[in-house]
Amino acid sequence: MKEVLLISGFMKRTLVLLSLWFFIWFPLEAFCSTGNTSSSSNPKVINIGALFTLNSVIGGATKPALLAAIDDVNSNPNILNGIELKLILRDTNCSGFIGTMEALQLMESDIVVAIGPQSSGIAHVISHVVNELHVPLLSFGATDPTLASLQFPYFLRTTHSDYFQMYAIADVLDYYGWREVIAIFVDDDYGRNGISVLGDSLAKKRAKISYKASFSPEDPESKINDLLVEVNLMESRVFVVHANPDTGLNIFSVAKRLNMMSGGYVWIATDWLPSYLDSREAVDPSTMNILQGVVALRRYTPDTNLKKRFISRWKNLKDKGSTGPGGFNSYALYAYDSVWLAAHALEVFLSEGGNLSFSNDPKLSDTNGTALHLSSLRVFNGGQQLLQTLLRMNLSGLSGQIQFNQQRDLIHPAFDVLNIVGTGTHRIGYWSNYSHLSIVPPESLYTKPPNISSGSQHLYGVKWPGETSKVPRGWVFPNNGQPLRIAVPNRVGYKEFVSKDNSPQGVKGYCIDVFEAAINLLPYAVPHTYMLFGDGKRNPNYDEIVSQVAQNKYDAAVGDITIVMNRMKIVDFTQPYMESGLVVVALVKEAKSSPWAFLKPFTKEMWFVTAAFFLFVGAVVWILEHRINHEFRGPPRQQLITIFWFSFSTMFFSHRENTVSTLGRLVLIIWLFVVLIINSSYTASLTSILTVQQLTSGIQGIDSLISSSEPIGIQEGSFALNYLVDELNIAMSRIVKLKDPEAYLRALNLGPKAGGVAAIVDKLPYIELFLTSTNCLYRTVGQEFTKSGLGFAFQRDSPLAVDLSTAILQLLESGELQKFHNKWLTHTECSIQINQEEENKLSLSSFWGLFLICGIACVLALTLFCYRVFTQYRRFSPEDEEAEVEEIEPSRLSRRSILSTSFNNIMDFVDRKETEIKEILKRKNINESKQTSHNSNGQASSPT
């Protein structure tokens, strides 16, 4: 049993208990010593000790298991080479005081290993003793996570720590989506430290223990009744019970009488409850009745043949050695394995030359004539070596693989997840530190990569209290008579959103209607009361409202509250029920006509690229037509003029030159199509500029507002102040706070030079109402430069935020939100837009595809043209055609004598008319044919 003795000041308390024990147990002859050291290199008997409460649920299973393990070790000739293990039992008798005295008496017997205790409180005290005497302590039942600290190097846990059990419970809670739990625990080291780990594990999953309810095992049912009545008045309906198997059942008995085991409640018990149920061969039906629907964890042990054979022996073992009320449970397996672990470690220790010797500790020497005789407690000289041997052991036991990791915990911690249904327990899954929740045994997962993603977590269905399969919500509104406290901003302006009202509800507006409609969609009642925040003379600070919700002065805040990052850090918001971003409003006037308006349809880049393509296409067509079209020939000056004239005349489709070549016509057709699109777009844009009324403002948007030094108006209490100053680095001296639309209008009319503002920055819903009230005399300039929304604020991890978000989505899909909007926020659309010249201009991005197609066509045409010219040039030989050239163009002879480079030859060739080249090539082919015929005749007439 895990007792509840509160231990503090361990060393001081230990010395006091030592004194008491030596005054009670005073066999003086035991204190006499003939030497400082005693040793045995080849002992026949090795003493090991065991310390636990015999008459308890855990003790009733542990004693027969320990005795069976000792018998099995001593009867096995393959271990310890005939050395006998002697087990010395001590009964703690459910008392921390007696347990400590029994432990000290046990240490007098020169034991080399101690097994136990089952109580975490006693384990804390005994750990100090074994540290001093260098005796390894193997505990099968002390599961307090803090015992694994470096403060207790000789403490080894042969079961799994509650550290892992609490993380398993946190995963179960997270699997079902519960964010708040109430912890009911026994008030001792075991209970407090276990629940502390549970709080840490929940915090990592954004959950928490909302209340810690502690009790003592000695508490009467009246105190437990008062405790459960108190927690039943709270919001959470998820209870985690961390108690002792001998007394924890009282919690459920009282809860049953208080109707707390009915529908809507969730009860999760740690491994104490399965240990109690497993130790009973036949559980009382009335006991099972009060536990219906409880989820519990049990330490997992694989179903090996070794374990099955041991369970088959259990009845005989129980009849032989048990004096307690309990039967078999998992602690029997861990106790049995502890003996075998000690036996294997001792065998290795002796084989490595370890010596079972003891010596007096100078720190425990008798001084000043004291009668304590502390020298009777001797130090095990081989304790450190045996401890290291235990830490590196690796063997298979009844409970699974026995091997310690670097943190001195058993590897592969795992638990069964059980659901108590009917007359027994039903396994709904497993938890392991390797892959967390699963429905397959943990050992089958160790060969696969670990996967702890949310999608890989699985459990079978659970029958919850109240015999329902529907997962409970896990919370209700507290039964303490206090409705939900809702803060509502007491606005001065824009009262369409929320304002004070003389009705019993006390408030009205768009936000209130949305909240009430969402509340009515919830499947449960939400009693609430509205509490105005602010004096009604100035708009309240919304950051302060949200802060007071986070500080628990209010349970929620309802109003036109913008969802921004600094607020989301301290509260939870619902789904936005209205989009809201910041915009700029400025005074506008009608734009004056400009003599250069004909340039406005295109951007500078568009004008430049268009002009470049006119010249490029004209040059390409000239190259393609120059050799075959006389209209594209002549003196260089005439040809240059032709290129420019042809290029720009295509803009109006008035070019007079005819294209003859196929490639030239192809390029021209594509270019004329591009020109048609450009002309049409230019005409449409220019028409719009000259005929549609245009408005302009000195402020073009937030960027121009930032770069200026003029004052800016904002709504009092708005988050826009922090955004402009902190995010956009606008000087605080430029900010002017305005409280209502009338103040907006006055400030804009005055202007920056007369004490007003150049522009106003506010949320779009407010600006839409403001523009309607001014008959569209003002306009928004630029684009909406933030994206956010309006939502309801709740305290962190409030389940209402999630449920109301679902309700708001239902209102959105059903069209109810739009009805509320039409009721409260109707406004006139201002159709005339601010003249945004840069936005209205046609840019290159709209036409680059056309230019790309035209450019590719030109390049392909030039490539084919060059290929054809090069092919002709290879057939053309200037030396052979010198005479022909003189006949056709006598003046060229003197020039060819000067031009000697191949480049000039090529350029001269390209410049010729194609008809000349074809005539030369034709004559060359005829001459070559005659020469070939003459040579053939000469060879035929030669003598043989």
Side-chain angles (χ1 to χ4, degrees), residues 10-11 14 18 21-22 30-51 66 70 73 80-81 83-90 100-117 122-139 142 147 150-158 338-366 373-393 404 408:
F10 291 127
M11 295 306 297
T14 301
L18 278 168
W21 179 77
F22 275 96
F31 302 149
C32 299
S33 176
T34 59
N36 293 331
T37 303
S38 63
S39 63
S40 178
S41 58
N42 190 18
K44 294 183 179 179
V45 177
I46 299 177
N47 292 334
I48 63 174
L51 184 71
L66 289 175
I70 292 294
V73 169
L80 290 177
N81 296 322
I83 299 176
E84 179 185 355
L85 282 186
K86 181 180 179 182
L87 180 66
I88 302 175
L89 287 175
R90 289 291 183 266
T100 304
M101 291 193 300
E102 292 289 347
L104 294 172
Q105 185 180 13
L106 183 64
M107 295 300 160
E108 187 189 25
S109 303
D110 287 344
I111 61 173
V112 296
V113 173
I115 298 177
I122 297 177
H124 275 280
V125 178
I126 303 304
S127 293
H128 288 284
V129 178
V130 297
N131 284 355
E132 189 67 26
L133 302 180
H134 296 179
V135 177
L137 179 63
L138 305 180
S139 178
L147 286 168
L150 297 177
Q151 183 182 10
F152 308 119
Y154 283 87
F155 177 87
L156 284 180
R157 198 184 339 255
T158 56
S338 299
V339 174
W340 275 94
L341 174 63
H344 282 286
L346 285 169
E347 182 179 36
V348 175
F349 171 80
L350 294 174
S351 66
E352 292 177 349
N355 193 5
L356 301 177
S357 61
F358 298 83
S359 61
N360 294 328
D361 188 350
K363 300 177 183 178
L364 300 178
S365 299
D366 301 331
H373 299 286
L374 298 177
S375 59
S376 63
L377 298 176
R378 301 193 297 169
V379 176
F380 176 32
N381 296 327
Q384 180 61 30
Q385 182 182 351
L386 180 58
L387 175 64
Q388 297 303 319
T389 303
L390 286 165
L391 288 173
R392 69 173 188 266
M393 294 304 296
F404 296 97
R408 300 189 304 160

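Numbers here are sequence positions counted from 1. Note that the structure is predicted; figures quoted are calculated from it, not measured.
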I'd like to check Trp340 versus Val73 (side-chain heavy atoms, cut-off strictly below 4.5 Å). Are they in contact?
yes

Using a 4.5 Å cut-off on heavy atoms from C-beta on, say whether the side chain of Met107 contacts that of Ile111.
yes

Does Asn355 reach the side chain of Asn381, with side-chain heavy atoms less than 4.5 Å apart?
no

Working to the nearest 0.5 angstrom, can you tell me the gap between Asn81 CG and Glu347 CD?
6.0 Å

For Ser109 versus Asn47, what's the shortest heavy-atom pair and its separation?
O-ND2, 3.2 Å

I'd like to know if the side chain of Arg408 reaches the main chain of Pro153, judged simply by a donor and an acceptor atom lying under 3.5 Å from each other, with no hydrogens or angles considered.
yes

With Leu341, the side chain to side chain contact (heavy atoms under 4.5 Å, CB included) member among Thr158, Val113, Leu346, Leu156:
Thr158

Hey, what do you get for CG (Leu390) to OH (Tyr154), rounding to the nearest 0.5 Å?
11.0 Å

Please report the shortest heavy-atom distance between Val112 and Pro136, naming the atom on each side.
O-CD, 3.3 Å

For residues Leu356 and Phe380, determine if any side-chain heavy atom of one lies less than 4.5 Å from a side-chain heavy atom of the other.
yes

Are the side chains of Phe404 and Met393 in touch, meaning some heavy atoms are under 4.5 Å apart?
no

Quick check: does any side chain N or O of Asp110 sit under 3.5 Å from a backbone N or O of Phe358, one acting as donor and the other as acceptor?
no

Asn131 side chain near Phe152 side chain, heavy-atom distance below 4.5 Å:
yes

Evaluate the side-chain proximity of Ile48 to Leu87: yes if any heavy-atom separation is below 4.5 Å, no if none is.
yes

Could you pull out the closest heavy-atom pair between Ser139 and Pro117, with the gap in Å?
OG-O, 2.9 Å

Which heavy atom of Leu133 sits nearest a heavy atom of Arg378, and at what distance?
CD2-O, 3.6 Å

CG (Leu387) and NE2 (His134) are apart, to the nearest 0.5 Å, by 10.0 Å

Out of curiosity, Gln388 CD to Arg392 CZ, how far, rounded to the nearest 0.5 Å?
8.0 Å

Distance-minimising heavy-atom pair for Ala345 and Thr389:
O-CG2, 3.5 Å

Any idea which heavy atoms bring Glu132 and Val379 closest together, and the distance?
O-CG2, 3.8 Å

Answer yes or no: is there a side-chain heavy-atom contact under 4.5 Å between Leu350 and Ile46?
yes

